Every structure is written in structure tokens, then in C-alpha cells.
Amino acid sequence: MGIFIELYFSGNGNSDDMKMFGLMFIYYAVVTMLLLHVILKRTHEQISMIRFIFGTLLLYIMAIILLDPVLTMISGLDTVVQSPGAGLLAIFLVMLPIVAFFFYLINVFIYRTKDKRKVIYLFMAAQPLIAFLFLILLTVGSFFRLI
């Protein structure tokens, strides 16, 4: 959270980086909620709305807390990763095993699904697809912004 606090108090709240982080969080929140809803419906799991909302919010909070250490960990890639899209993809893919572990804990203690393995595998398989879809949306959005 330190990097977000520094960006907020540095007066760069309206910078393109802050807009990108805001867009990334909104996208991740909406797509993850839709993904979890689809996964739970496809696996025929019955979860109450309160447990679904509480577990999803907990997953968002853990992802936000994890983003700062992940950004610090991959900051050494700036010489290897030249494009911002590749950097965003690296963020998504580095966070995948960590978020999947937290999702497993949420699944065990909050969602309490019957077939835990199937739900976890579907969630993990969808994370790289979410990252690629985000990159496609960024590419298309930047293309129409330039016209």
C-alpha cells in the first residue's frame, strides 16, 4: 500500500499511472466477481449471497494488499520488460499463485464448496485469460483514443 500512498500524496493523483491503477482495480473487481459467479454456477455450488459478497470482498482486499509487494518484487524487470502491457501481464501472472492460495483459503473457510479442487482449478485457469483480456481492452482503448 506504500506505493499508492506515495502516489496519492505526491500530487500525482490525476496522473496516467493513477488512472491506470484505478482502471486495473475496477476491471479486476468486476471481472473477478463475474468469474466467481460463473464458476460457482457451472459447478452447481449453492452459496448464500452474504458469504459470496464477504468472500469476494476479502479476495479484493488481499489482492490490493499484495499488489505493493508484487510491484516491488518485479521492479527489477524494468530492463527486461520494455512495454507497459508486458509489465501488467507480469503483475497478473506473479499474483496468480498468491491470489489462488488466498482464494483456496476463502473457498475452504467462507464459500465452503463441495468440490474445492474443481473450483480452484477453474479460477486459476481463468486468471491468465483475465490478464490477456485486460491487455486487449487497453490496446483497443488506446487505439480509439489516438483517433
Side-chain angles (χ1 to χ4, degrees), residues 1-9 12-75 77 81 83-147:
M1 293 298 287
I3 190 168
F4 295 117
I5 294 170
E6 288 176 27
L7 284 172
Y8 182 76
F9 286 115
N12 294 331
N14 292 327
S15 70
D16 289 337
D17 291 337
M18 287 304 290
K19 290 176 187 175
M20 182 60 62
F21 282 126
L23 179 65
M24 187 169 72
F25 283 131
I26 291 170
Y27 169 81
Y28 184 76
V30 170
V31 172
T32 302
M33 185 170 280
L34 290 173
L35 172 71
L36 289 175
H37 179 73
V38 168
I39 287 173
L40 294 173
K41 286 290 185 189
R42 299 290 290 167
T43 56
H44 305 292
E45 298 288 343
Q46 299 294 326
I47 295 176
S48 71
M49 186 62 73
I50 292 171
R51 284 193 291 154
F52 178 75
I53 291 172
F54 181 68
T56 307
L57 288 175
L58 193 59
L59 186 66
Y60 295 158
I61 291 168
M62 288 179 185
I64 290 171
I65 290 171
L66 277 172
L67 189 61
D68 192 32
V70 167
L71 289 175
T72 304
M73 185 172 41
I74 68 169
S75 64
L77 294 176
V81 177
S83 69
L88 285 173
L89 185 60
I91 290 170
F92 273 112
L93 293 179
V94 167
M95 286 183 66
L96 170 65
I98 303 167
V99 170
F101 174 72
F102 284 130
F103 179 70
Y104 174 76
L105 293 177
I106 289 169
N107 196 12
V108 169
F109 294 112
I110 296 172
Y111 291 160
R112 298 182 190 148
T113 59
K114 295 174 195 134
D115 192 3
K116 291 172 183 31
R117 207 182 296 170
K118 188 175 189 180
V119 174
I120 295 292
Y121 290 158
L122 287 172
F123 181 78
M124 286 176 41
Q127 291 301 312
L129 297 174
I130 290 173
F132 285 124
L133 182 62
F134 183 69
L135 292 176
I136 290 169
L137 288 174
L138 281 179
T139 305
V140 169
S142 65
F143 174 72
F144 285 118
R145 184 175 168 205
L146 294 174
I147 292 178

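Because the structure is predicted, anything quoted here is derived from the model rather than measured.
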How long is the straight-line distance from [atom2] of [Y] back to [atom1] of [X], given to the nearest 0.5 Å?
X: M49; Y: T56; atom1: CE; atom2: OG1; result: 9.5 Å
X: L105; Y: M62; atom1: CG; atom2: CE; result: 7.0 Å
X: L58; Y: I53; atom1: CG; atom2: CD1; result: 13.5 Å
X: I39; Y: E45; atom1: CD1; atom2: CD; result: 11.0 Å
X: N107; Y: R112; atom1: CG; atom2: CZ; result: 11.0 Å
X: Q46; Y: K41; atom1: CD; atom2: NZ; result: 6.5 Å

Per the side chain to side chain contact (heavy atoms under 4.5 Å, CB included) rule, which among D115, I120, V119, T113 passes with R117? D115
On a heavy-atom basis, which atom in L35 and which in A126 lie closest, and how many Å separate them? CD1-CB, 3.4 Å
Identify the two heavy atoms, one from F123 and one from L59, that lie closest to each other, and give their separation to 0.1 Å. CZ-CD2, 4.1 Å
Would you say R51 has more than 12 foreign heavy atoms packed within less than 6.0 Å of its CZ? yes
F52 atom CZ: more than 12 heavy-atom contacts under 6.0 Å: yes
I65 and F102: side-chain contact (heavy atoms from CB on, under 4.5 Å), yes or no, with the steps? CA-CA 12 Å; I65 290 171; F102 284 130; over 6 Å; no
With a 4.5 Å cut-off on side-chain heavy atoms, are V99 and T32 touching? no
Aromatic rings Y111 and F103: how do their planes relate, parallel, tilted or perpendicular, breaks at 30° and 60°? perpendicular
